[in-house]
> 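Can you keep this structure in mind? I'll have questions shortly.
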2 protein chains.
Amino acid sequence: MARFTAGELEVMRILWEHGELKPAEIQRHFPRPIKNAALRSYLTILLQKGHLARRSKGKAFYYRPKTRRESTFRAMLGELVDTFCGGSSEALLCHLLAKEKLSTEELLELQRMAQQPPTSL
Amino acid sequence: MARFTAGELEVMRILWEHGELKPAEIQRHFPRPIKNAALRSYLTILLQKGHLARRSKGKAFYYRPKTRRESTFRAMLGELVDTFCGGSSEALLCHLLAKEKLSTEELLELQRMAQQPPTSL
DNA sequence: AACAATCTGTAGAATTTTCTGCACGTCCTC
DNA sequence: GAGGACGTGCAGAAAATTCTACAGATTGTT
């Protein structure tokens, strides 16, 4: 469903953050130097795959995400969990908790935050 | 560092689980039908990239992981966090806690588990 | 109208990923 | 030692990904 190549993800990331941009603007936000035409080939593919929509505005086309950031995140996290945690998020949680070395207090605070729907992630 | 294509990851996953296998065995564990030679081209690439080692045993070569499962997991999780959580694991934690809808008791149990080093993930 | 700046479309090259076919080598059995 | 089962190596095809080059369209300015 929501599988992206590295380049495609770079584009989506920028559009998720900024909402609606034309190619030259995306190019400016790109995390590495990239030629305008190279960038546009990403856009064309993402359009074809249905992950982006665009509309004409002034002289240029403006692109915006059609695939939601949140659902992409869930899909990718799910794959990671499948591959490395045998499908259970528990092991992932466990790993994160260990890595973050959270105190009981911080943990409870997190839990409180987590129970306020919805997360704006 | 530890970037894998989809196919490479399928191979690594099997070898992480089983330790040391010859091509025909990996082929049998593969999650989809794949020809022996197609599989071997993955092995050759993974060898070149240094993610696998192999040794001759009997008539065949046996392959085993050189890149550790745990470090790959950390790297991929890190990328995910960078892309979707602005680099902080907190948001990821928050998301997981919300999704898992854990009770305070379960949470504390998880925390207890997490503080027993090391996780065998 | 002429010009520059900016944007589009398209054709295709280079590279990587994924897969196929086939020739040859080794081991076992008859 | 002939044949079959099973393995390797390699050459390269097919498809996807990433990138380049260029021709032409649109907008704004003089």
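When reading the values below, keep in mind they use all heavy atoms of this one structure, side chains included, and skip hydrogens, waters and symmetry mates. Residue numbering restarts at 1 for every chain, and letters A, B, ... go by the order of the sequence lines.
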> Taking any heavy-atom pair under 4.0 Å as a contact, classify T5(B): base, sugar-phosphate, or nothing.
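The answer is sugar-phosphate, as T5(B) gets under 4.0 Å only of primed atoms, P, OP1 or OP2.
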> Please classify the nucleic acid contact of K35(A) as base, sugar-phosphate, or nothing, using heavy-atom distances under 4.0 Å.
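Sugar-phosphate contact only - K35(A) comes under 4.0 Å of backbone atoms but never of a base.
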> Expressed as a whole number of angstroms, how long is the span from I34(B):CD1 to dT18(C):C1'?
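Taking CD1 of I34(B) and C1' of dT18(C), I get 8 Å after rounding.
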> Can you tell whether the side chains of R54(A) and E20(A) come within less than 4.0 Å, N to carboxylate O?
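Looking at E20(A) together with R54(A), the answer is no, because their closest N to O distance does not fall below 4.0 Å.
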> E8(A) has an atom CD; how far is it from atom P of dA16(D), in whole Å?
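Rounded to whole Å, this separation is 12 Å.
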> Just N and O in the side chain of R54(B): are any of them under 4.0 Å from OP1 or OP2 of dG9(D)?
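For dG9(D), OP1/OP2 do have a side-chain N/O of R54(B) under 4.0 Å.
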> Would you kindly give the CG-to-P distance between L39(A) and dT6(C), to the nearest whole Å?
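My rounded result for the distance is 16 Å.
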> Nearest-Å distance, OH (Y63(B)) to P (dT8(D))?
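Interatomic distance, OH of Y63(B) to P of dT8(D): 6 Å.
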> Establish, with yes or no, whether the OP1 or OP2 oxygen of dA21(D) is under 4.0 angstrom from a side-chain nitrogen or oxygen of R40(A).
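No, outside the criterion.
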> Let me spell it out: for each of I45(B) and F61(A), pick the nucleotide of DNA chain C with the closest heavy atom. Which residue's pick is nearer the 5' end?
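Going by which nucleotide is closer to the 5' end, it is F61(A).
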> So that I can tick it off, tell me whether R32(B) and E10(B) are bridged by a salt bridge, with the cut-off set at under 4.0 angstrom between side-chain N and carboxylate O.
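Salt bridge flag = yes for R32(B) with E10(B).
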> Are any of the side-chain nitrogens in E79(B) or R3(B) under 4.0 Å away from the carboxylate oxygens of its partner?
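Yes, charged N to carboxylate O under 4.0 Å.
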> Side chain of K59(A) only, heavy atoms from C-beta on: which candidate in dT17(D), dT20(D), dT6(C) is closest?
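Output: dT6(C).
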> With the side chain counted from C-beta on, respond yes when R64(B) and R55(B) share a heavy-atom pair under 4.5 Å apart, and no when they do not.
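Yes - at least one pair of side-chain heavy atoms lies under 4.5 Å apart.
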> Using atom NE2 of H51(B) as one end and atom P of dT17(C) as the other, report the distance to the nearest whole Å.
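Value for this atom pair: 10 Å.
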> Which is true for A60(A) with a 4.0 Å heavy-atom rule: it touches a base, it touches only sugar-phosphate, or it touches nothing?
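Sugar-phosphate, no base atom in range.
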> Could you tell me how the ring of F4(A) sits relative to the ring of W16(A): parallel (under 30°), tilted (30 to 60°) or perpendicular (over 60°)?
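Answer is perpendicular, since the angle exceeds 60°.
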> Taking only N and O in the side chain of R3(A), is any of them less than 4.0 Å away from OP1 or OP2 of dA16(D)?
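So the side chain of R3(A) is outside the cut-off, no N or O lying under 4.0 Å from OP1 or OP2 of dA16(D).
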> Measure from CG on N36(A) to C1' on dC19(D) and round the result to the nearest Å.
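The answer, rounded to whole Å, is 12 Å.
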> Please figure out whether A6(A) or Y62(B) has its closest DNA chain D nucleotide nearer the 5' end.
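Per heavy-atom nearest nucleotide, the more 5' residue is Y62(B).
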> Rounded to whole Å, please give me the gap between OH in Y42(B) and P in dC10(D).
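Between P of dC10(D) and OH of Y42(B): 20 Å.
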> In whole angstroms, how far is the C1' atom of dG9(C) from the CG atom of L43(A)?
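The answer, rounded to whole Å, is 13 Å.
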> On DNA chain D, nearest-nucleotide positions of G58(A) versus S41(A): which is more 5'?
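Taking each residue's closest nucleotide, the earlier one in sequence belongs to S41(A).
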> Counting heavy atoms from C-beta on, name the nucleotide in dA21(D), dT20(C), dG7(D) closest to the side chain of A38(B).
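Closest nucleotide to the A38(B) side chain: dT20(C).
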